[in-house]
A.B. asks: 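What follows is a single structure, and I will ask about it in a moment.
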Amino acid sequence: MRDGAESVDEANAEEPREQALGGCSCLAYDAGVKRINCVCGVVLEGKDDDELWKKAQAHLRADHPELVGKVSREDILAQAEEV
Ligand SMILES: [Zn+2]
């Protein structure tokens with residue numbers, strides 16, 4: 001984690017939420033995708049955290065509605081592996 005390397009008060013004032021994103025992923029990464037193997041056997045893939053999280057949410061709503069709201073983005077992304 002590179003958090004706090006340049007923590008200036010002024011930088012914090014504007015958009016504190018941006019820090020949670022963990023930096024910009026503007027690079028066009030064709031090769032690397034992130035993958036999650038769901039407990040039900042479905043494999044979810046996304047080109048970045050956001051896409052993977054969106055797919056995971058959609059899958060949870062469709063197949064595991066009881067888990068919606070219980071599984072956080074952090075939980076999902078912690079299970080992701082890069083391929
Ligand atoms: Zn599933």
Side-chain angles (χ1 to χ4, degrees):
M1 288 297 181
R2 297 165 300 155
D3 278 356
E6 294 190 275
S7 56
V8 182
D9 286 338
E10 286 175 22
N12 264 339
E14 291 216 346
E15 283 257 322
R17 285 176 62 94
E18 276 204 335
Q19 289 195 334
L21 295 176
C24 178
S25 50
C26 306
L27 292 173
Y29 257 71
D30 277 349
V33 295
K34 298 200 167 188
R35 175 184 292 170
I36 289 172
N37 298 302
C38 186
V39 289
C40 69
V42 166
V43 176
L44 303 169
E45 286 184 351
K47 66 183 187 319
D48 56 28
D49 288 355
D50 277 340
E51 186 174 309
L52 191 60
W53 170 231
K54 281 176 192 163
K55 288 190 177 183
Q57 283 181 300
H59 174 65
L60 286 177
R61 279 193 213 103
D63 285 13
H64 312 284
E66 76 279 6
L67 294 180
V68 174
K70 292 186 182 171
V71 182
S72 72
R73 179 182 161 123
E74 274 188 358
D75 290 336
I76 292 288
L77 297 179
Q79 294 180 49
E81 52 183 271
E82 290 193 46
V83 282

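Numbers for residues simply follow the sequence, beginning at 1.
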A.B. asks: Hey, quick one: are Val42 and Val68 part of the same hydrophobic cluster, counting side-chain heavy atoms closer than 4.5 Å, chains of contacts allowed?
C.D. replies: yes
A.B. asks: Working to the nearest 0.5 angstrom, can you tell me the gap between Leu77 CG and Asp49 CG?
C.D. replies: 4.5 Å
A.B. asks: Taking atom CD of Glu66 and atom NE2 of His64, what is their separation to the nearest 0.5 Å?
C.D. replies: 7.0 Å
A.B. asks: Taking all heavy atoms of His59 and all of Cys38, pick out the closest pair and write down the distance.
C.D. replies: NE2-SG, 3.5 Å
A.B. asks: Any chance you could measure Arg35, atom CZ, to Lys55, atom NZ, to the nearest 0.5 Å?
C.D. replies: 11.5 Å
A.B. asks: Please determine if Asp50 and Arg73 form a salt bridge, counting it only when a charged side-chain N lies under 4.0 Å from a carboxylate O.
C.D. replies: yes
A.B. asks: Got a second to check how far Glu45's CD is from Glu81's CD, nearest 0.5 Å?
C.D. replies: 9.5 Å
A.B. asks: What's the separation between atom CG in Leu52 and atom CD1 in Ile76, rounded to the nearest 0.5 Å?
C.D. replies: 7.5 Å
